[in-house]
Amino acid sequence: MGVKKIFSGVQPTGNLHLGNYIGAIKNFVDLQNESNDCIFCVVDLHAVTVKQDPKLLKKNIRETTATFLACGINPQKSIIFNQSSVSSHSEASWLLSCVARMGWLNRMTQFKEKAGKDREKASVGLYIYPVLMAADILLYDATHVPVGEDQKQHLELARDISKKFNTDFEAPDFFKIPEPLIQKSFARIMSLKDGTKKMSKSDPSDLSRINLTDTDNEIINKIKKAKTDTNLFPTDTYSLKSRPEIENLIGIYSSLKEKKLEDSLNDFKDQNFSFFKDKLSELILKKISPISKEIKRLNADKGYIDQVLKDGNDKANEIASKKIENIKKKFGF
Ligand code: TYM
């Protein structure tokens, strides 16, 4: 396989968690280390589709950048940049919104979930957010997009927009048709309190997630309090289907240990949950503590973070400004 062109993004809305790490950022690092061309974006234009406190947003943009760095993204190898600093994203988003169809957007389940019952009061930005995401990807001719399972439908939309543009403007190779890179297992990490709900930044209970900035004690406490049941430790994957909380915890263990689910179950044969939880906490601490410490160290070095973003913004701008000019030419501008 040749070099892949990778693009992905993370919203700077605070509380980046273990789901973001396992479902997305950990894979960004692997793809970078396999010598692909990687671009990782702090998607602040996506963040403002729901109201943000401007001061907090600035802090969160830096903290998300610090998280990328602390997890192992290397700015000498990959481009790390800030979406709102590259104006082509907004321009491309408008132009592609004239290609995307209402019917396609009406099908987006994440909008329905996020807007909830009060749909009329949701921002227009929240509704067309998948078009901005398509613009992000298509501006860089990305061939592969690593994301967690919850972004699958948005990527399908990006592919549809790309194909329609190429057909409408009779330019078969103008946009690439990006491939989603979604892990077969562990692409959806669930809440520690409810195994049927996704682990999420916006869950009001902090006990539902392991934040990448949690202290060791917080992590140990959250795993201790994570929901289990009174049945024995499972012996086969089949029985996990009706035990979503247990499946999630063993999934987190397996993913961080880079083991198959079956092999993890074998490791804990005849053990109880308290023994398993101790081992799970140990493993999370081993993986997350160094990241958490590095995020804190980098957060204190604003000058360095801002320089990383500035360099990344310049590089991203160079690529995106050429593509947007060609997109505009296709429209006849
Ligand atoms: P965001 O910021 O909600 O999440 C960032 C990444 O983390 C993954 N993720 C999860 N994976 C597994 N389990 C979970 N519980 C979990 N929660 C979040 C997400 O799937 C995502 O990969 N729209 C995107 C950001 C975006 C983007 C893009 C991504 C904007 N432009 C272009 C790829 C390409 C979002 O809101 O992700």
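Predicted model only: the values in this text are computed from it and were never measured. When a ligand or atom number is given, it counts from 1 through the structure's own listing order.
- Residue, atom and distance of the protein heavy atom nearest to atom 20 (O) of ligand 1 are Asp150 OD1, 2.4 Å.
- Ionic pairing of Asp203 and Lys198 is not present here: no N-O contact between side-chain nitrogen and carboxylate oxygen is shorter than 4.0 angstrom.
- The proximity of Ala187 to ligand 1, defined as any non-hydrogen pair under 4.0 Å, is limited to the backbone.
- Protein heavy atom closest to atom 2 (O) of ligand 1, with residue, atom name and distance, is Gln11 N, 2.9 Å.
- Scanning the protein for heavy atoms near atom 37 (O) of ligand 1, the closest one is Gln151 NE2, 3.7 Å.
- Using modelled atom types and a 3.5 Å distance limit, the side chains of Asn317 and Asp314 yield no donor-acceptor pair.
- Nearest non-hydrogen protein atom to atom 28 (C) of ligand 1 is Met133 CG, 3.4 Å.
- Of the protein's non-hydrogen atoms, the one nearest atom 10 (C) of ligand 1 is Gly19 O, 3.5 Å.
- The backbone and the side chain of Val147 each have at least one atom closer than 4.0 Å to an atom of ligand 1 (non-hydrogen atoms only).
- Across all their heavy atoms, Gln52 and Ala47 have their closest contact at NE2-O, 3.0 Å.
- Residue contacts with ligand 1 for Leu132 are absent, since no atom lies close enough (heavy atoms, distance under 4.0 Å).
- At a heavy-atom distance under 4.0 Å, only side-chain atoms of His17, from C-beta outward, approach ligand 1.
- Under a 4.0 Å N-O distance rule, the pair Lys257/Asp263 does not qualify as a salt bridge.
- With a 4.0 Å cut-off on non-hydrogen atoms, His154 does not touch ligand 1 at all.
- For the residue pair Asp311/Gln307, the side-chain donor-acceptor check at 3.5 Å is satisfied.
- Within the structure, ligand 1 lacks Phe186 among the residues with a heavy atom less than 4.0 angstrom away.
- With respect to the salt-bridge test (charged N to carboxylate O, under 4.0 angstrom), the residues Glu245 and Lys193 do not qualify.
- Counting only heavy atoms of the protein, atom 9 (N) of ligand 1 lies nearest to Asn20 ND2, 3.7 Å.
- Here the heavy atom of the protein found nearest to atom 29 (C) of ligand 1 is Gly9 N, 3.4 Å.
- Contacts with ligand 1 closer than 4.0 Å are made by side-chain heavy atoms of Asp136 only, the backbone lying farther away.
- For the 3.5 Å distance criterion, the side chains of Asn74 and Gln32 fail to qualify, holding no donor opposite an acceptor.
- Side-chain polar atoms of Thr13 and Lys201 form a donor-acceptor pair below 3.5 angstrom.
- Scanning the protein for heavy atoms near atom 22 (O) of ligand 1, the closest one is Gly148 N, 3.1 Å.
- With no hydrogens or angles considered, a side-chain donor-acceptor pair links Ser254 and Ser264 at under 3.5 Å.
- Residue-level proximity to ligand 1 for Ala24 is carried by the side chain, the only part with a heavy atom below 4.0 angstrom.
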